[in-house]
Amino acid sequence: RHGYAIMQFIDEITHGRLMLGAGTLYGALTTLQKKGWIVPCKKTGERKKEYEITALGKEVAEKELLRLRELSHIADRIMGGEHHG
């Protein structure tokens, strides 16, 4: 996806709860590229830059998803969703 499409996707998928400004998004894209988590796709003849996730980026995202699931599980326990003795 290109930058503007990413902003639209985030707005849509979060039902407007999260809206990225252009500066925030492009700063994040630069950081993700420097870390090797995304790479620009080959030019399609348009001015818009499109990006794709790398194998390393997928690995990092999967680890982060596991971390967030664990935090959610802990929050459930704290709120009384589970009791362990």
Side-chain angles (χ1 to χ4, degrees):
R1 295 177 188 237
H2 56 80
Y4 184 70
I6 293 170
M7 287 190 288
Q8 289 178 313
F9 174 76
I10 296 296
D11 181 48
E12 183 179 305
I13 198 88
T14 65
H15 304 287
R17 289 187 305 257
L18 178 62
M19 296 176 67
L20 296 177
T24 301
L25 175 65
Y26 291 109
L29 290 172
T30 299
T31 299
L32 294 172
Q33 284 183 79
K34 285 180 182 177
K35 291 183 177 199
W37 298 353
I38 64 170
V39 291
C41 296
K42 293 180 181 175
K43 296 284 183 183
T44 58
E46 293 186 32
R47 244 186 53 174
K48 301 172 187 171
K49 269 191 185 174
E50 293 187 351
Y51 302 89
E52 65 182 342
I53 192 166
T54 63
L56 176 60
K58 285 181 184 179
E59 182 182 325
V60 170
E62 287 168 0
K63 286 180 182 176
E64 179 64 4
L65 183 57
L66 289 174
R67 186 186 75 81
L68 291 171
R69 285 181 178 150
E70 182 179 344
L71 286 175
S72 177
H73 178 74
I74 291 167
D76 282 342
R77 288 181 63 193
I78 290 170
M79 298 300 293
E82 284 184 38
H83 298 286
H84 295 283

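Computation of the quantities below employed the complete heavy-atom set of this structure, encompassing side-chain atoms and omitting hydrogens, waters and symmetry-equivalent molecules. What you are looking at is a predicted structure, and each value in this text was computed from that prediction instead of being measured.
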Going from [atom1] on [X] to [atom2] on [Y], what distance comes out if it is rounded to the nearest 0.5 angstrom?
X	Y	atom1	atom2	value
Glu50	Ile6	CD	CD1	9.0 Å
Ile78	His73	CD1	NE2	10.5 Å
Tyr4	Leu20	OH	CG	12.5 Å

According to a hydrophobic-cluster definition based on side-chain heavy atoms being under 4.5 Å apart (Ile, Leu, Val, Met, Phe, Trp, Tyr only), do [X] and [Y] belong together?
X	Y	value
Leu65	Ile38	no
Met7	Phe9	yes
Leu66	Leu68	no

I'd like to check Pro40 versus Gln33 (side-chain heavy atoms, cut-off strictly below 4.5 Å). Are they in contact? yes
Contact check, side chains of Trp37 and Ile53, non-hydrogen atoms, under 4.5 Å: no
Pair up each side-chain donor or acceptor in residues 24-32 with any protein partner under 3.5 Å, not counting sequence neighbours, and list the distances.
| from | atom 1 | to | atom 2 | distance (Å) |
| --- | --- | --- | --- | --- |
| Thr30 | OG1 | Tyr26 | O | 3.0 |
| Thr31 | OG1 | Gly27 | O | 3.1 |

In short, side chain to side chain donor-acceptor pair (under 3.5 Å) pairs touching residues 52-72 with sequence neighbours left out are Glu59-Lys63, Glu64-Arg67
